[in-house]
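Naming convention: chains lettered A, B, ... in sequence-line order (proteins, then strands); numbering from 1 in each chain. It should be emphasised that the depicted structure is a prediction, and the values quoted were computed from it without experimental measurement.
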There are 2 protein chains.
Amino acid sequence: MADVTARATGHPLAGRASFLLSQLGAYSAHEFAKRLAPLGMRPGHFGLLMHLSRGEGQSQQRLADAMGIHRNVMVGLVDELEDRGLIERRRHPADRRAHAIHLTGTAHDLLGRAQRVADEHEAELLAGIGEDDRTYLIALLQHLAEHTGLPSGVHPGLNDNPLSTTSRRC
Amino acid sequence: MADVTARATGHPLAGRASFLLSQLGAYSAHEFAKRLAPLGMRPGHFGLLMHLSRGEGQSQQRLADAMGIHRNVMVGLVDELEDRGLIERRRHPADRRAHAIHLTGTAHDLLGRAQRVADEHEAELLAGIGEDDRTYLIALLQHLAEHTGLPSGVHPGLNDNPLSTTSRRC
DNA sequence: AGTGATTGTCATCTAAGATGACAATAAGCT
DNA sequence: AGCTTATTGTCATCTTAGATGACAATCACT
């Protein structure tokens, strides 16, 4: 296992979890985006499709909240996915302001491929450590995510901070 | 400890290390930038000062390599820090193309304050887990960072990918 | 009916990253 | 010495991503 004191790595910040998380997080997001690009998708698209596969018919606001992004951003995501015919905006049965977002048939196909990409990405990222350590790492990260109050979120940057619901000035 | 299977969190991606890293990494970087803002610094400035405090007189290219950023970006970092009188460009003793970057007296003062900010940030980020887990988490992250070939890096986004030295086309 | 919040949308502003070009200088080869 | 190639710092530009504010339509509450 690596030297925790980190003076050995030569980098003055390599011993800080905050720094390592920033680095690895940026790398992970960047790398995942690159892997997803051939499918014509960005991480946000993937996240949205994943959320929809768990429950269709939600409003854009609800989806945005669940993903931890601003509803303004959701408009673009839905636009792009709708243009590709992967989802559709239907009339919301209970609220005429809102749209009910639904998956189309072709979406499941693409989602499957994207999930395989995500699995590959995950596997390569964790290739260096053993099974037990993976499990423990994920548990630790989940714990941190909960404690910091991070929303479910998507890969893209945080809107402003955790708990951003509708909007949120500093 | 959190549920590793993650089906319980409600988020379809909460069980993936890649996703958690992206989320937490973005949060950490964002939060750190916000804490650093009152000092008039960005994470890159902090990283540069930290690197310089370990060895002055290096060329911009060398510093950029060590930090994992492109030399074009380094120009801006050095410009801003030089304008504030924290560092200075001297003539490189061995290469007339290059500059030798040195810290000024006022820099140490600010660096100290920035380090305290970084310590606070680190402490709050890890507030949810115990001492042993922190140590283990950092070790795991360091291992991942080494395995993925990440350079020393700074908080800002990766230039293109790990191993970016001078430049690097896809 | 009226008041204030919420939803989806659009326009805009800013910051960040990537890319390509360039002069000055270095390093190596013949 | 001369020639060629690589490197350093710099600048300009292009593309994104993110944040912010505004707005009409609709809802919820009184």
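For B/Q61 and D/dT8, the shortest distance from a side-chain N or O to OP1 or OP2 is below 4.0 Å. Residue B/H30 places no side-chain N or O under 4.0 Å from the OP1 or OP2 atom of D/dG18. In terms of phosphate contacts, B/Q60 brings a side-chain nitrogen or oxygen within less than 4.0 Å of OP1 or OP2 of D/dT10. For C/dA26, one of the phosphate oxygens OP1 or OP2 lies less than 4.0 angstrom from a side-chain nitrogen or oxygen of B/R96.
Counting distance only, with no hydrogens placed and no angle test, the side-chain atoms of B/N72 and the base atoms of C/dG20 include a donor-acceptor pair under 3.5 Å. Residue side chain B/R97 does not reach the base of D/dG9 through any donor-acceptor N/O pair under 3.5 Å, judged by distance alone.
Whole-Å rounding puts the A/Y27 OH to C/dG17 P distance at 18 Å. For the pair A/L77 CG and D/dG18 C1', the interatomic distance rounds to 13 Å; values are reported in whole Å. Regarding A/Q58, its CD atom lies at a distance of 16 Å from the C1' atom of C/dG8, rounded to whole Å. In this structure, the CG atom of B/L63 is 18 Å from the P atom of D/dT7, given to the nearest Å. Rounded to an integer number of Å, the gap from B/L81 CG to D/dG9 C1' is 17 Å. For B/H70 and C/dA21, the NE2 to P distance is 13 Å, given to the nearest whole Å. C/dT7 atom C1' lies 15 Å from atom CZ of A/R91, rounded to whole Å. For the pair B/R71 CZ and C/dC22 P, the interatomic distance rounds to 14 Å; values are reported in whole Å.
Residues B/H108 and B/S53 bring no donor and acceptor atom of their side chains to less than 3.5 Å of each other. Side-chain atoms of B/H45 and B/E80 form a donor-acceptor pair, as typed in the model, at a separation below 3.5 Å. No hydrogens or angles considered: a donor-acceptor pair under 3.5 Å links the side chains of A/E122 and B/S18. For the residue pair A/Q61 / A/D65, a side-chain donor-acceptor distance below 3.5 Å is found, with atom types taken as modelled.
Residue-level contact check: A/H92 touches neither bases nor backbone, having no heavy atom under 4.0 Å from any strand. A/R62 comes within 4.0 angstrom of nothing in the nucleic acid, heavy atoms only.
Nearer the 5' end of DNA chain C, as judged by each residue's closest nucleotide, is the contact made by A/R89, out of B/A94 and A/R89. Looking at which nucleotide of DNA chain C each of A/A98 and A/D79 is closest to, the 5′-most match is held by A/A98.
Here the shortest heavy-atom pairing between A/M41 and A/A114 reads SD-CB, 4.1 Å.
Here the nucleotide nearest the side chain of B/D95, chosen from D/dC23, D/dT8, C/dC10, is D/dT8.
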